[in-house]
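This report refers to the structure that appears directly beneath it.
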Amino acid sequence: MLKFHNSLSNKLEEFIPVEDKKVKMYVCGPTVYDKAHLGHARCYITWDVLYRYLKFLGYNTTYCRNVTDVDDKILKKADMQGVSPEDITKEFYASFENSMKGLNCLKPDVEPRATKTIGEMIAMVKKLIDNGFAYPVDGDVYFEVEKYKKYGQLSKQPIDDLMAGARVDTDEKKKSPLDFALWKKDEKHGYKSPWGLGRPGWHIECSAMSKKFLGDSIDIHAGGADLTFPHHENELAQSECANGCKFVNYWLHNGFVTINKEKMSKSLNNFLTIDDLLKKYDSNAIRFFILTNHYRMPVEFNDEALNSAAAGAKRLIGAACGYNKTDEVDEESVNAFKLAMDDDLNTSKALAVLFAVADKVKKASDEKEARLYASTLITLGEVLGFDFSLAKKEVCESELREMILPLYKTFEIDENICANEAIEKIISIRKAARDNKDWAKSDLIRDEFDKCGILLKDSKEGTTWQVK
RNA sequence: GGCGGCAUAGCCAAGUGGUAAGGCAGGAGCCUGCAAAGCUUUCACCCCCAGUUCGAAUCUGGGUGCCGCCUCCA
């Protein structure tokens, strides 16, 4: 039985979708004004795994992840650099997409852009005014928190406490300091609206995009724990007051990545970008690192942890090397995997199941059995988003040739011979040396390969090689 | 101040009442000319104190330490 920890009830709940076998999930996407970092990686890997798992279970899943491309930070950056907001969002959306691809995250079914959903946002704000939950002032429109008695239900913040703790707001236009902007006056970058030129508040963007692409009531709304308040609290208030029905059944929140025990974030300027990490580690290593922890727990980043994850991932993925995915899987392993994942996505336990399967591949009594377990390993590993093609680390001819170019000269190999053959040829030269017990020469050749990024593996059956 | 979370081996981490999954590193061994890779094997009584119980890492109370949210943030 699939269960999730619902932030709304703060309890583990059985997952029952609104429509049988159909799931609508929404994840708060990036504000595209800067490069994505490891914290984002954690969030999007976590929900990518949820998406993959729901599909694996046979749910017809619609995954919607927005792109926030109207925002103060974007405008500020654009103004500072003297370029248009579109220049900024175009650059960083491309960068984000690239990072997601690098992490082997599946593309969501829908990736709406805030700028393309302005009409729906205006309609929603209008509706909130009509329903008596919002009021316009001087080109702005605010949501009146007092009017919605359940406000604070998600973040578990009693309204009175919020009120008491609220900062003294210099904005005299608001009726209460807790009221938040649905629409902000903006004569420079604004859009036409019934209240004059302006732009939407951040919260209404998600409410409107979720409504437009998934409907008034959805199954899952997920995001980083820092979005719980005020973002999700406000979305919840707006959507329920505008639509008059339950907005989200399951609210899921992932924990943070910390570095030196502090939350990794742009404002603390202690972040590592996904791009930079991918230069040093492959996507499997990063995923393994993220997935060894339960998604709601904090993850402390350090190089040792990531190196250890890289070693683990390499061994796990490597166990399926040389095998393919088939339709046949070991049901017992699949059930153990499901048992782990059903329990609020216990990926740590799921990884232990994968290691057990990897072990069975090695200990299989015959080829057929090995194939079955390897196929199981790949099937389940892919549910966690591992990329098994990385096990072989295949490089194309031209790339390989480029790598071993120095060896052609050293060993006087004919330039017309392809890289694979050239390698085999050099290995046979080495074998001859080894047969003659010329260990110095043998070791020299091994070192030459090593310098070119090629690892030689000696065994009883002979010498094989692989790209490091 | 309000709200929420965490504390398990050298490191990462699962486990929420029945005697500690898994990964990394380390040790030992196999293999090897030597290595590397691979394989086999080994490695903890769970922050402290008190309580409940036949039995607690797991429940209750009290400490101590750490983190997050309450402002933009995944």
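Every chain is numbered from 1 and lettered A, B, ... according to where its sequence line falls, protein lines coming before strand lines.
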For nucleotides B/C30 and B/A35, find the distance between their P atoms and express it as a whole number of Å. 11 Å
Within the structure shown, what part of the strands sits under 4.0 Å from A/Gly223 by heavy-atom distance: base, sugar-phosphate, or nothing? sugar-phosphate
Among the nucleotides B/A74, B/A13, B/C72, which one has an atom lying closest to any side-chain atom of A/Asn293? B/A13
Apply the test side-chain contact (heavy atoms from CB on, under 4.5 Å) to residues A/Ile220 and A/Leu54: give CA-CA distance (whole Å), side-chain angles for both, the deciding distance (0.1 Å), then the verdict. CA-CA 11 Å; A/Ile220 296 169; A/Leu54 288 169; 4.1 Å; yes
Given the P atoms of B/U19 and B/C6, what is the spacing between them in whole Å? 24 Å
Using the C1' atom as the reference point in each nucleotide, state the distance between B/C67 and B/A28 in Å, no decimals. 40 Å
In the structure shown, which nucleotide is the Watson-Crick or G-U wobble counterpart of B/U53, with both distances under 3.5 Å? none
Distance below 4.0 Å between A/Asn346 side-chain N/O and B/A14 OP1 or OP2: no
At 4.0 Å (heavy atoms only), tell me whether A/Val257 reaches a base, stays on the sugar-phosphate, or touches nothing. base
Quick check on side-chain contact (heavy atoms from CB on, under 4.5 Å): which of A/Leu384, A/Leu57, A/Leu106 does A/Arg52 satisfy it with? A/Leu106
What does A/Gly318 touch in the nucleic acid at a heavy-atom separation under 4.0 angstrom: a base, only the sugar-phosphate, or nothing? nothing
Give A/His37 one of three labels, base, sugar-phosphate or nothing, depending on what nucleic acid heavy atoms sit under 4.0 Å from its own. base
Going by purine N1 to pyrimidine N3 plus the second Watson-Crick contact, or the G-U wobble pair, all under 3.5 Å, which nucleotide sits opposite B/C72? none
Does A/Lys457 put a side-chain nitrogen or oxygen below 4.0 Å from OP1 or OP2 of B/A35? no
Quickly work out the A/Glu233 CD to B/C3 C1' distance and round it to whole Å. 12 Å
Kindly compute the distance separating CG (A/Leu12) from CZ (A/Phe4), expressed to the nearest 0.5 Å. 10.0 Å
Select base, sugar-phosphate, or nothing to describe what A/Ala311 touches, counting heavy atoms under 4.0 Å on all strands. sugar-phosphate
Is there a Watson-Crick or G-U wobble partner for B/A36 with both distances under 3.5 Å, and if so, which one is it? none
Whole-Å distance, A/Gln157 CD to B/G5 P, equals 13 Å
Look at A/Arg315 and B/C24 and indicate whether a side-chain polar atom (N or O) is within less than 4.0 Å of OP1 or OP2. yes
Just name whichever nucleotide pairs with B/A44, Watson-Crick or G-U, keeping both distances under 3.5 Å, else none. none
Is A/Asn302 close enough to B/C12 that one of its side-chain N or O atoms is under 4.0 Å from OP1 or OP2 there? no
Ignoring the backbone of A/Ala352, work out which of B/G22, B/C69, B/G2 is nearest its side chain. B/G22
Sugar-phosphate only, base, or nothing, as touched by A/Ser265 at under 4.0 Å among non-hydrogen atoms: base
So which one's nearest nucleotide on RNA chain B is more toward 5', A/Phe256 or A/Asp71? A/Phe256
Without decimals, in angstroms, what is the distance between A/Lys261 NZ and B/C6 P? 14 Å
Report the distance from atom CG of A/Asp359 to atom P of B/G22, rounded to the nearest whole Å. 10 Å
For A/Leu354 and B/A13, what is the distance between atoms CG and C1' respectively, to the nearest whole Å? 15 Å
To the side chain of A/Asp343, which of B/A74, B/C12, B/G15 is closest? B/G15
Between A/Lys360 and A/Glu369, does any side-chain N to carboxylate O distance fall below 4.0 Å? no
Taken to the nearest whole Å, CG/A/Asp303 to P/B/C12 is 14 Å
I need a per-nucleotide contact map over nucleotides 28-33 of chain B, read 5' to 3'. Cutoff is protein heavy atoms under 4.0 Å; write B for the base, S for backbone only, - otherwise. ---S-B
Are side-chain N/O atoms of A/Tyr44 and A/Asn254 paired as donor and acceptor at under 3.5 Å? no
Any A/Lys156 side-chain nitrogen or oxygen under 4.0 Å from OP1 or OP2 of B/C69: no
In the structure shown, which nucleotide is the Watson-Crick or G-U wobble counterpart of B/C6, with both distances under 3.5 Å? B/G65
Which label fits A/Trp251 and A/His232: parallel for a plane angle under 30°, tilted from 30 to 60°, or perpendicular past 60°? tilted
Give one of base, sugar-phosphate or nothing for A/Lys314, where a contact means two heavy atoms less than 4.0 Å apart. nothing
Could you please spell out the steps behind the ring pair (Phe, Tyr, Trp, His ring centres under 6.0 Å) verdict for A/His221 and A/Phe247? CA-CA 9 Å; A/His221 192 116; A/Phe247 176 42; 5.8 Å; yes
Whole-Å distance between B/C69 P and A/Leu154 CG? 16 Å
A quick test of your reading: do over 12 heavy atoms of other residues, nucleotides or ligands sit less than 6.0 Å from CD of A/Glu424? yes
Residue A/Ser348, side-chain atoms from C-beta onward, closest of B/A74, B/G15, B/A21: B/A21
Winner on side-chain proximity to A/Glu304, out of B/G22, B/G10, B/G68, is B/G10
Passing candidate, salt bridge (Lys or Arg N to Asp or Glu O under 4.0 Å) with A/Arg430, options A/Asp458, A/Asp438, A/Asp447: A/Asp458
Suppose you measure atom P in B/C11 against the same atom in B/G62; what distance do you get, rounded to whole Å? 30 Å
Side chains of A/Ser389 and A/Asp387, donor plus acceptor under 3.5 Å: yes
In whole angstroms, the gap separating P of B/C69 from CG of A/Leu268 amounts to 8 Å
Determine the contact category for A/Tyr44: base if any of its heavy atoms lies under 4.0 Å from a base atom, sugar-phosphate if only primed atoms, P, OP1 or OP2 are that close, otherwise nothing. sugar-phosphate
Reckon A/Phe355 touches a base, only the sugar-phosphate, or nothing at all at heavy-atom distances under 4.0 Å? sugar-phosphate
Nearest to the side chain of A/Met264, heavy atoms from C-beta on, is which of B/G10, B/A74, B/A13? B/A74
